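Values reported hereafter were calculated over all heavy atoms of this structure, with side chains retained and with hydrogens, waters and symmetry mates removed. The residues of the chain are indexed from 1 along the displayed sequence. Keep in mind the model is a prediction, meaning the values are calculated, not measured.
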Amino acid sequence: MIEKRVAGVFALAVIFAVFLCSNVYASVGISPGIYEINFKPNLKQDFSFEIIGDANMKFKIAAEGDLAEYTTLSVKTLNQPGKVTASLSLPKNIELPGVHVLYISAQQQSNNKQGISLLGTVKGVIKVRVPYPDEYASVSLSANNANAGKPINFKVKINNLGKNEISAKTTIKIYDSSNKSVSSLPLGTRLIESLQSVEFESELNTAGYASGFYRAEVIVEYGNKIARAEAKFRLGEFFINITSYSNDFLRDRLNRIDIGIESFWSDSIEDVYANVSILNYSINFQTALSTVEGFQKAVLTGYFDTTGIKEDEFSAKINLFYKEKTTEKTVLLWFKKGTNYLLYGLIALFVLIVLLLLVLFILKKIKKKNKYG
């Protein structure tokens, strides 16, 4: 009865909330989402943003974050979606180097005089890159996974964040899973102007490399400074491992078994299935076919009848088939132990008798004390 009342109150609350929120607006947006510029002394530049929304939406416009004090807005309110121009007038000098982020926000205003409105805010971004004194560079590195023997492609990006031009000598070093250096790729030297970036690619020939995990480190030498970045990649082999399996089952009934597998190959492998044989019994069954994606895990599912298996523990052989290859594993399975209700009942009865005797003993003591007290 109480549950029904609670459910009724909750339903009324939901209906009331929906009624109050009759002015729930559609999503709003801003375009473009971001501008990026380099700092120049006394730079003056306008940035145009388009505020997107329904025709009846109103917005409050504001400049927030870094450099907001150097920003003038064409409007501070909009009675409907439209354009806003942010005029940026930078000073002669900004002491703090790095990326300064300025936000142009459009906060939706309520048109609902009664009730509740769900309002949204969108922000456009203006990034201003202020150079570091003298020489300062950063670097990023990315690498793909591949099968052993196939090439690994590296992407390198070097950013000159300083005031001076730099001469960047770049090298990629390769390390195996034991952190042993196995290769080095010199990428040459490039001149990079202040606040400019260069991007380039390189390829590693993995012929003769063993499968497994590797680490690549890019080293950029400029002047007497060094910038570094790392990326990890994996070389695959055509192998699928059996990683887990269901191991406890119920007697004399149809049981489900799940077999966990993991691919060591970078490409997808189709038509993967397992054949399971219960040793010493004429029980054989197959799982459904499955496609395993590159370097991914999957679960194969099958069903078998345990009728006739007498032992508490029994062995099974799992043969995993994929293309022309097989992975084999012999595993130990067992039946779930049934609950011994008789034992639990005897224990409960014993505890109850002990408690009853204790209560009787206490009552007897109290009665004796009252008689002679």
Are the side chains of F264 and F238 in contact, using a 4.5 Å heavy-atom criterion? no

Looking at side-chain heavy atoms only, is the closest gap between R251 and D312 below 4.5 Å? yes

Report yes if some heavy atom in the side chain of Y103 is under 4.5 Å from a heavy atom in the side chain of V125; otherwise report no. yes

E230 with R215: basic N within carboxylate O range, under 4.0 Å: yes

Flag if over 12 foreign heavy atoms under 6.0 Å of NZ, K225: yes

Pair K150 + D267: basic N to acidic O under 4.0 Å: no

Does any non-hydrogen side-chain atom of I172 lie less than 4.5 Å from one of V156? yes

Indicate yes or no for a side-chain donor-acceptor contact from T326 to the backbone of Y322 under 3.5 Å, with no hydrogens or angles considered. no

Show, in sequence, the C-alpha distance, side-chain angles and deciding distance for Y222 and E165, and conclude whether the side-chain hydrogen bond (donor to acceptor under 3.5 Å, both in side chains) test is met. CA-CA 10 Å; Y222 59 103; E165 180 185 69; over 6 Å; no

Evaluate F154 against V218 for side-chain contact (heavy atoms from CB on, under 4.5 Å), listing each step before the verdict. CA-CA 10 Å; F154 297 111; V218 60; over 6 Å; no

Is the number of heavy atoms from other residues, nucleotides or ligands within 6.0 Å of NZ (K155) greater than 12? no

For atom NZ of K83, is the number of surrounding heavy atoms from other residues, nucleotides or ligands below 6.0 Å larger than 12? no

What pair of heavy atoms forms the shortest contact from L102 to A63, and how long is it? CD1-CB, 4.3 Å

Is it the case that one hydrophobic cluster holds both L204 and L187, taking links as side-chain heavy atoms less than 4.5 Å apart, direct or via other members? yes

Any side-chain heavy-atom pair of I257 and T301 under 4.5 Å: no

Please step through side-chain hydrogen bond (donor to acceptor under 3.5 Å, both in side chains) for the pair N241 and T243, ending with a clear verdict. CA-CA 6 Å; N241 190 30; T243 58; over 6 Å; no

Does the pair F59 and I61 meet the rule for a side-chain contact (heavy atoms from CB on, under 4.5 Å), with working shown? CA-CA 6 Å; F59 297 92; I61 312 300; 4.0 Å; yes

Working for side-chain hydrogen bond (donor to acceptor under 3.5 Å, both in side chains), residues Y303 and T287: CA-CA 8 Å; Y303 295 87; T287 67; over 6 Å; no

Mind checking whether I309 and I278 have side chains closer than 4.5 Å, heavy atoms only? yes

Is it the case that over 12 heavy atoms from other parts of the model lie below 6.0 angstrom from the CD atom of Q196? yes

Looking at F200, is R190 sitting on its ring face, NZ or CZ under 6.0 Å from the six-membered ring centre and within 45 degrees of the normal? yes

How far apart are the closest heavy atoms of L185 and S202, and which atoms are they? CD1-OG, 4.0 Å

For the student: nearest non-hydrogen atoms of A210 and L235, plus distance: O-CD1, 3.7 Å

For Y209 against S183, the heavy-atom pair lying closest together: OH-CB, 3.0 Å

Is the backbone N or O of A216 less than 3.5 Å from a side-chain atom of Y175, with the two atoms forming a donor-acceptor pair by type? no

Using a cut-off of 6.0 Å, state whether more than 12 heavy atoms not belonging to F335 lie near its atom CZ. yes

Verify salt bridge (charged side-chain N to carboxylate O under 4.0 Å, His left out) between E217 and R228, making sure each step is shown before the conclusion. CA-CA 7 Å; E217 180 184 35; R228 303 173 185 266; 3.2 Å; yes

Between the main-chain N or O of N56 and the side-chain N or O of D54, is there a donor-acceptor pair closer than 3.5 Å? no

Salt-bridge contact K123-E64 (side-chain N to carboxylate O under 4.0 Å): yes

Please find the pair of heavy atoms, one from L254 and one from D305, that lie closest to each other, and give the distance. CD1-N, 4.0 Å

Partners meeting side-chain contact (heavy atoms from CB on, under 4.5 Å) with E36 (sequence neighbours left out): I34, K127, R129

Closest non-hydrogen atom pair between N144 and N153, with its separation: OD1-N, 2.6 Å

